[in-house]
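None of these values were measured; they are calculated from a predicted model.
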Amino acid sequence: MQLGFTFSLLLASLLVLLSGVEAAPTKRSGLVTLPLKRITQTRSDLHPQLLQQHINRGLKRYARMTGRDEPSALELRANLHKRLYIPAEGRPGPRRVNSKRFNRHGSKGTQAATSASSATSTGSAAGSGAGFSEIDLEAEDNGGLTDANPPTAANSLGLDIEAYDVGYIATVQMGTPPQDFKLLMDSGSADLWVGGEQCQSTEGGNCGNHTFLGNQSSSSFVDLGSQFQVTYGSGAVQGDIVTDNINVAGLALNNHTFGVATVETDDFADDSVPFDGLMGLAQSTLSEQGVLTPVESLAQAGLISDAITSFKISRLADQKNDGEVTFGGLDPTKFDAATLTTFNNVNTEGFWEGAMSTVSVNGQDLGLQGRTAILDTGTTLIIAPDADAAAVHQAIPGAQSDGQGGFTLPCTTNASVALTFSGQQFAIDTRDLLFSPVDPTNLTGDCVSGISSGQIGAATEWLVGDVFLKNAYFSTDVGKNQISLAKLV
Ligand SMILES: *[C@@H]1O[C@H](CO)[C@@H](O)[C@H](O)[C@H]1NC(C)=O
Ligand SMILES: *[C@@H]1O[C@H](CO)[C@@H](O)[C@H](O)[C@H]1NC(C)=O
Ligand SMILES: *[C@@H]1O[C@H](CO)[C@@H](O)[C@H](O)[C@H]1NC(C)=O
Ligand SMILES: *[C@@H]1O[C@H](CO)[C@@H](O)[C@H](O)[C@H]1NC(C)=O
Ligand SMILES: *[C@@H]1O[C@H](CO)[C@@H](O)[C@H](O)[C@H]1NC(C)=O
């Protein structure tokens, strides 16, 4: 009983996280999400009707076919902004529901205290069939950041790991004198923002234990007097558009235009959130602020030759901490050059999206045709269209659907799921399929799958986050509008 209860709560809260963002006030498992004041549509130049139609067509048709109301343009955009920051322990709101499962007692508590060291011997051996990683379980409980090693290439920043591979964070300098800001690096949005000195949480109070930017702390800070708002899959911010000096990987970008948040939802404002803002690294056509992204500005200023951003996303359980983001090129020490494959970005709104020719499970091609994948470092999981997610799990022995979009699979699974882009197949490490144990005291029981179902765009469109991106070197090139993937070394 206890287990069933806990599990349904977990799935309920995952579904809340996966269910997208509505514009209207929404009540989610006891949390009322206050709507942020809507900013008048000013970016019609950046979101021409043609592009909107392209993105919306599939969803509208799908809605008609299934007898649902056609989604509004706003809902469609919100869907495309779907993002998943799985909460660490103690984050408020619906996450409290989630955190209940971490209330472990007695012996487990003592075990947790020592598992960091014991995991080195047992957990790090975790490969196929070994069960959920102790290291990940510990990080799921404690949240926080695991610092990256110093980067191995020029123009690069280490990517710290948030909790159990939930997000990836780099440190940049902003203001005069420069202060360090920790930013979640997000290839699935295109706005840079940090909390402002006047920042307030929608839950009341200030924006938590973070570093803020404003005219008190920075003599070069200028408020341009216009506003922005960004809504993510979980969380939203609004604030002022400003200019200030920033320094990214030693590259000084003076008078850069970006946002400081005056209002944040607790997804960002809570003390336990281990970053101060976001750096969106999709294309600026997607920017709500209507400005160049940092990598585009760096290229425009001639500080890098091309607006290329390259990611090596690290896996906590590997304990290598070799995550890195490189601006202006690729870090050849991170990937096998013979496997580098480059393909066109098929998204016209500014996301990074490629044609995905096959999806296979244990070497068996599932026969999914014409699929595309938005590659998004800011999304934790893989979110596949309902039928596709079902097909993947049907091919995994022991996997089960909860009938509501979530799946479980044995934590001891040996399943190998692989995605193919431009003729190159990329296998997902089995450990990455295990998002979280259903029962944290049984790491060889059932696990929540890292592949979930949800309609994010067209019925052929996948949202492919860190569960996959940990398994490839990932590079984007704004100038060529191309994406590259390569196998890691
Ligand atoms: C996975 O592989 C390991 C080692 O080959 C084996 O012991 C285990 O039974 C397999 N698990 C499943 C679920 O097939
Ligand atoms: C605030 O953040 C600092 C630095 O990240 C940390 O050392 C401190 O424990 C945090 N305090 C609280 C109350 O979270
Ligand atoms: C600093 O910013 C605050 C809040 O935006 C504003 O009220 C104040 O006038 C600013 N001070 C200066 C000197 O610009
Ligand atoms: C900084 O950028 C803003 C907005 O692009 C511009 O209006 C302003 O003149 C610039 N200031 C300097 C000192 O370059
Ligand atoms: C863990 O789960 C597995 C699979 O359901 C089960 O066989 C095993 O007995 C469980 N172990 C414990 C300690 O509950």
Side-chain angles (χ1 to χ4, degrees), residues 81 83 85 145 148 151 155-162 166-175 178-196 210-213 228 230-233 235-237 239 241-261 264 267-268 273-301 303-304 307-313 323-328 350-352 375-380 465-466 469 474-476 478:
H81 275 296
R83 190 109 11 323
Y85 307 117
L145 290 183
N155 303 340
S156 301
L157 294 168
L159 283 178
D160 301 340
I161 304 170
E162 180 183 3
V166 160
Y168 293 87
I169 284 130
T171 303
V172 306
Q173 289 72 44
M174 302 175 121
Q179 291 188 89
D180 280 353
F181 285 83
K182 289 187 185 299
L183 304 180
L184 189 125
M185 304 305 265
D186 183 11
S187 69
S189 67
D191 292 283
L192 168 64
W193 62 264
V194 296
H210 294 114
T211 304
F212 301 105
L213 190 66
F228 77 100
V230 192
T231 301
Y232 301 93
V237 294
I241 297 179
V242 306
T243 65
D244 205 341
N245 302 339
I246 69 174
N247 190 304
V248 180
L251 303 165
L253 207 46
N254 289 333
N255 196 32
H256 184 63
T257 307
F258 58 98
V260 295
E264 296 177 0
D267 309 87
F268 301 116
V273 177
F275 52 87
D276 306 307
L278 251 85
M279 184 186 287
L281 291 162
Q283 295 186 25
S284 55
T285 41
L286 198 59
S287 166
E288 302 288 342
Q289 296 161 359
V291 301
L292 296 182
T293 65
V295 71
E296 290 169 352
S297 282
L298 288 168
Q300 192 186 57
L303 293 167
I304 54 177
I308 292 174
T309 312
S310 305
F311 301 89
K312 154 67 191 182
I313 298 292
E324 178 188 87
V325 57
T326 300
F327 300 97
F351 290 101
W352 296 109
L375 300 174
D376 183 3
T377 61
T379 286
T380 310
D466 301 321
L469 292 172
F474 167 45
S475 180
T476 63
V478 176

Original post:
Is a donor on one side and an acceptor on the other found under 3.5 Å between the side chain of Thr380 and the backbone of Val166?
Top reply: yes
Subject >> Side-chain donor or acceptor of His210 paired with backbone N/O of Gly277 under 3.5 Å >> reply: no
Original post:
With no hydrogens and no angle check, is any side-chain donor or acceptor of Asp186 less than 3.5 Å from a backbone partner on Gly280?
Top reply: no
Original post:
Which is it for Val478 and Trp352 under the side chain to side chain contact (heavy atoms under 4.5 Å, CB included) test, yes or no, and what are the steps along the way?
Top reply: CA-CA 10 Å; Val478 176; Trp352 296 109; 3.9 Å; yes
**OP:** Output yes when a side-chain donor or acceptor of Gln289 lies under 3.5 Å from a complementary backbone atom of Leu192, and no otherwise.
**Re:** yes
Original post:
Are any side-chain N or O atoms of Ser475 and backbone N or O atoms of Ile308, one a donor and one an acceptor, separated by less than 3.5 Å?
Top reply: no
Original post:
Which heavy-atom pair separates Pro274 from Glu162 by the least distance, and what is that distance?
Top reply: CD-OE2, 3.4 Å
**OP:** Quickly, which of Leu253, Thr243, Ile246 forms a side-chain contact (heavy atoms from CB on, under 4.5 Å) with Phe258? Name it, please.
**Re:** Ile246
Subject >> Side-chain donor/acceptor of Glu296 to backbone N/O of Ser284, under 3.5 Å >> reply: yes
Original post:
Hey, is the main chain of Ala148 close enough, under 3.5 Å, to the side chain of Asp160 for a donor-acceptor pair?
Top reply: yes
Subject >> Heavy-atom closest pair, residues Leu469 and Thr377 >> reply: CD1-N, 3.7 Å
Original post:
Would you say the side-chain atoms of Asp191 and Ser287 include a donor-acceptor pair closer than 3.5 Å?
Top reply: yes
Original post:
With no hydrogens and no angle check, is any side-chain donor or acceptor of Asn245 less than 3.5 Å from a backbone partner on Asn255?
Top reply: yes
Original post:
Can the ring centres of Phe268 and Tyr232 be said to be less than 6.0 Å apart?
Top reply: yes
Subject >> Exam field: side chain Thr309 to backbone Thr476, donor-acceptor pair closer than 3.5 Å >> reply: no
Original post:
Are the side chain of Asp276 and the backbone of Phe181 linked by a donor-acceptor contact shorter than 3.5 Å?
Top reply: no
